[in-house]
Structures are given as structure tokens and as C-alpha cells.
Q: 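Can you keep this structure in mind? I'll have questions shortly.
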Amino acid sequence: MADRRRVADRLPTFPWDRLAPHKATAEAHPDGAVDLSVGTPVDSVPERVREALAAASDSPGYPATYGTPQLRAAAADWLGRCHGVSADPAAVLPSLGSKEFVAWLPTLLGLGEGDTVVHPELAYPTYDVGIRMSGAAPVASDGLTALGPAPVRLVWVNSPANPTGRVLGVEHLRKVVAWARERGAVVASDECYIGLGWEGGDPVSVLHPDVCGGSHEGLIALHSLSKRSNLAGYRAAFAAGDQALVDELLAVRKHAGMIMPGPVQAAMRAALDDDDHAREQKDRYAARRTALRGALEAAGWRITHSEAGLYLWAAHPEHDAWGSVALLAEHGVLVAPGDFYGPAGAGHVRVAFTATDERVEAAAKRLRALA
Ligand SMILES: Cc1ncc(COP(=O)(O)O)c(C=O)c1O
């Protein structure tokens, strides 16, 4: 046992445990806590999606790892209709939420010791976790030119970004794609917030012809229904892009049993086929974002980036990340410290606007009292 190389030993401690005392403080507020820390959807699953799930519930046989042809066609159709991406349904692969795909991609691509994988400097922590699980070396960097001769095999991009809400423009993405293609590296683009642009135009996919020149070679884009359709509880996401990479990943995922349940495949297809519920949900988030943004700014926080996605990236001139967390918790509002996402976040907090209208109004009222 002593010389077993435990994967768990390669991973960071789960940071959210450090928030527990502040959560207790926030919960002691007489009108209850407003939890804006995690960013989990709170609104109902759309009716038509629940109906599709129920209609497919008599599902005794094994589903296909590749997904039903109808699901893959719905995903390809959505990419074309909503994001100007021309994708072949054959190059679509369902995943059990995008977190699973992020965590396992380096391993499934065969990366390991001696390989380098780049992820954004301020980032969703699962990129780092997945790279470490594979045994490859993570490098947190937004600039690829400074990397030198390291044997980079995979580059993660995330636009719109968690936690900052930053959107990468066409030019930036084109440069990443060109850099990676010159070196034979794969670009994995986590686009799970792509439909949630607020300012500065619609976020663009790495698979858009303006970015990739019409070829998906070396590219994988990752999409999730968790936020668009309130399906975090269903674990519904998909990857699309380079046919050769999709085929390779499918071959491994079949062996590994990474299979989306049949009723979830049916529900996800129904969600992808409908844009009305996504528009309504986006309107809800827009109103919550406006209320929280105004209240945070009135109370002295400055918002940077945050042009898309589900978070406000906020800094206070007198408090660092944990100082802001503590102050807000005393007023019953729980937010995430920016250093959860990398040392460069030590001056910021991430404020999710995934709470009910009632809780968002309660938070805004408490923030206005701080002004
Ligand atoms: C950047 C990013 N990628 C992936 C995920 C995982 O989403 P899911 O597994 O629900 O698709 C999240 C969740 O918040 C995220 O912020």
C-alpha cells in the first residue's frame, strides 16, 4: 500500500470547506442567508424537458455512449441556429455534464507525465484537477507566447470565463488556434456560458468559421445545458469538433462506461430543440444581474469584466477577497473569494446571480444598506 501513487494525493484540498465559517455567519442573519457563492441554478426545469424525461422513463436497455442520432442532430442544429457553427452530428459526443468531460479529457487523450497542459490563469478549478489526474503538468497562463519550448499537448480556453465573465474575441481565439495547430496541440474550448452574453456582443465559439477558418481540426468545444436550461441536476452536456478526436474519445468512453442515461438524452434533445425557455431564463438572469451590479457598485465594489456568464467579478478598494467575503457574510450574503480560481484573484470576489428573485432582492437591500 505504501508505494501506491494515490490520485487523491495529487489533487488540491477542496477549497469550499474554507468558506464554511462564513456560511455559518451568513446563515445567522435574521432574514436568512443569500447564497451567491456556488452558482447553482434555482429556477424550474422547463416543462417540456420534464415531459420528455417522463416520456422516456421506460428505458430498460443500455443507451448508446454516442447518444441517439436525434440527440446529436439536435446539438448540431443548435450550434448552427444559435452560434453560426456548422457541425456534423457525427462529430457530437454527449457527456455527463461538462465537469466530467473537463476532469477526464487529459486522461482520455492519453496525456501524462512529461506532457504540459495550459489553462487560463484565473480558472474553473477542474481544469487543473483533470490535468493532475492524468499526471500531466498544469500551466496557468493567459499568454501562450511566454511558454517557451514546453511540450504543450492541450490548451484549455474558457470564454465566457468563470470566474471573471471575460469574453475572448475572434482575434484572440484565432491566435490560440493558430498557435496550437503549429505545435500539434489540441484546443479544448469550454463554452458552457456561451448563450449568456450581456455586453459587447455575442460570445463566439472556437468552432465558428471566423475563428477556425472552417476546419475543426484539433478543436473540441464543450457545451452544457446546466445553465441554459436549468439542467444541472440532469448532467447534460456535449462536446463537438474534430471528427478524429470525437471518434477517439468515443472509443475510450464506450469502454469506460461514460454513458448518458437514455431518459436524459431525450430530455436534453427537447431542451436543445427549444429556444423560448432559454430566452426566458436569460431574461431572469439579466434582471438579477442588473439588481446585484447596481447594489454592489453603490456599496463600493468595482466590477471588472463580467460582460457575460453568471457572475460579477467584484473588487473593493479597502478589502481583499477574504475581507469582502467576511464583510458580506456579516450582512447575510455569501460570495466566493477570487483566490479559489488562482492567486491573481486574491483581490476579487465572485458573485453569482443564480438566486431566486426574492433572495436577490434581499441581497440588494442589504448591500444598499452598506452604501
Ligand atoms: C467554466 C465551467 N465549466 C464547466 C462547468 C461544469 O458545468 P456542468 O458540469 O454542470 O456542465 C462549470 C460549472 O459551473 C463551469 O463554470
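Predicted, not measured: the structure shown is a model, and the values here were computed from it. Order of listing sets the numbers, starting from 1, for every ligand and every atom in it.
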Q: Could you tell me whether F101 and F238 have their ring centroids closer than 6.0 angstrom?
A: no
Q: For this output row, return yes or no: ring centroids of W313 and H348 closer than 6.0 angstrom.
A: yes
Q: Do the ring centers of Y285 and W198 come within less than 6.0 Å of each other?
A: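 No, they do not, as the ring centres are separated by 6.0 Å or more.
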Q: Go through the steps for R359 and D31 under the test side-chain contact (heavy atoms from CB on, under 4.5 Å), then give the verdict.
A: CA-CA 10 Å; R359 285 290 84 186; D31 183 33; 3.3 Å; yes
Q: Are H277 and S229 linked by a side-chain donor-acceptor pair shorter than 3.5 Å?
A: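 Result is yes, a qualifying pair exists.
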Q: Between ligand 1 and the protein, which N/O pairs fall short of 3.5 Å?
A:
{"from": "ligand 1", "atom 1": "3 (N)", "to": "D190", "atom 2": "OD2", "distance (Å)": "2.6"}
{"from": "ligand 1", "atom 1": "7 (O)", "to": "S98", "atom 2": "OG", "distance (Å)": "3.2"}
{"from": "ligand 1", "atom 1": "9 (O)", "to": "S98", "atom 2": "N", "distance (Å)": "3.1"}
{"from": "ligand 1", "atom 1": "9 (O)", "to": "K99", "atom 2": "N", "distance (Å)": "2.8"}
{"from": "ligand 1", "atom 1": "9 (O)", "to": "R235", "atom 2": "NH2", "distance (Å)": "2.6"}
{"from": "ligand 1", "atom 1": "10 (O)", "to": "S226", "atom 2": "OG", "distance (Å)": "2.6"}
{"from": "ligand 1", "atom 1": "10 (O)", "to": "R235", "atom 2": "NH1", "distance (Å)": "3.2"}
{"from": "ligand 1", "atom 1": "11 (O)", "to": "S98", "atom 2": "N", "distance (Å)": "2.8"}
{"from": "ligand 1", "atom 1": "11 (O)", "to": "S98", "atom 2": "OG", "distance (Å)": "2.6"}
{"from": "ligand 1", "atom 1": "11 (O)", "to": "S224", "atom 2": "OG", "distance (Å)": "2.7"}
{"from": "ligand 1", "atom 1": "11 (O)", "to": "S226", "atom 2": "OG", "distance (Å)": "3.4"}
{"from": "ligand 1", "atom 1": "14 (O)", "to": "Y193", "atom 2": "OH", "distance (Å)": "3.2"}
{"from": "ligand 1", "atom 1": "14 (O)", "to": "K227", "atom 2": "NZ", "distance (Å)": "2.8"}
{"from": "ligand 1", "atom 1": "16 (O)", "to": "N162", "atom 2": "ND2", "distance (Å)": "2.8"}
{"from": "ligand 1", "atom 1": "16 (O)", "to": "Y193", "atom 2": "OH", "distance (Å)": "2.6"}

Q: Between D275, D274, D43, which is the residue that forms a salt bridge (Lys or Arg N to Asp or Glu O under 4.0 Å) with R228?
A: D275
